[in-house]
Amino acid sequence: MSDKLFKPGQKAPRSGQYEITGPRGGRTGVERTVTRNEPLPPPEEKGQKYRLADPTKHRSKR
C-alpha cells in the first residue's frame, strides 16, 4: 500500500482501489475503484483524502 495521499478531484496516477483516509490520515475502510487519469471522486466528509490501496494488475495480451 502506498503512503502518498491524493486530493479529491486530482487525477488518479494509476488504476486501482483507492482507500478514503480521514482528515488526520486514519483508515476508514472505504474504497473506490478509479481508472488512471480519471478524477478522484468527492469524499464522504470534508478533509478526507485518498491512498492507493490496491493497484490494478495488468497482464499483456499475446
Side-chain angles (χ1 to χ4, degrees):
M1 180 165 56
S2 173
D3 289 331
K4 186 169 182 182
L5 296 177
F6 302 97
K7 295 180 181 180
Q10 185 176 352
K11 289 186 178 183
R14 293 186 66 181
S15 296
Q17 294 289 113
Y18 285 82
E19 181 181 17
I20 297 174
T21 62
R24 295 187 289 169
R27 300 179 73 177
T28 63
V30 178
E31 293 182 350
R32 300 285 184 257
T33 301
V34 184
T35 305
R36 186 181 74 171
N37 290 327
E38 293 293 320
L40 293 164
E44 298 172 338
E45 296 178 22
K46 184 178 179 179
Q48 291 180 327
K49 294 184 180 176
Y50 290 91
R51 174 181 289 133
L52 182 61
D54 185 26
T56 302
K57 291 126 185 112
H58 295 282
R59 295 176 65 188
S60 62
K61 296 180 182 179
R62 293 185 181 187

**Request:** Would you name the heavy atoms of P42 and P8 that are closest together and state the gap between them?
**Result:** CA-CB, 4.4 Å
**Message:** When you measure from the side chain of K57 to the backbone of P55, do you find a donor-acceptor pair of N or O atoms at a distance under 3.5 Å?
**Reply:** yes
**Closest contact, heavy atoms only, T21 versus R51** = CG2-NH1, 3.4 Å
**Prompt:** Who are the side-chain hydrogen bond (donor to acceptor under 3.5 Å, both in side chains) partners of Q17, not counting sequence neighbours?
**Reply:** E31, T33
**Item:** Partners meeting side-chain contact (heavy atoms from CB on, under 4.5 Å) with P23 (sequence neighbours left out)
**Value:** Q48
**Complete:** Smallest heavy-atom separation, V34 atom then A12 atom, equals CG1-CB, 3.6 Å
**Message:** Restricting to side-chain contact (heavy atoms from CB on, under 4.5 Å), what partner residues turn up for K7, sequence neighbours left out?
**Reply:** Q10, K49
**Request:** Using atom types as modelled and distance alone, determine if a side-chain donor or acceptor of T35 lies under 3.5 Å from a backbone N or O of S15.
**Result:** no
**Request:** Could you tell me which residues satisfy side-chain contact (heavy atoms from CB on, under 4.5 Å) with P39, sequence neighbours excluded, listed by chain and number?
**Result:** none
**Message:** Testing the basics here: between L52 and F6, what is the closest heavy-atom pair and its distance to 0.1 Å?
**Reply:** N-CE1, 4.4 Å
**Request:** Working to the nearest 0.5 Å, report the span between OH of Y50 and CG of L5.
**Result:** 12.0 Å
**Request:** Could I get the full list of salt bridge (charged side-chain N to carboxylate O under 4.0 Å, His left out) partners for E44, not counting sequence neighbours?
**Result:** R32
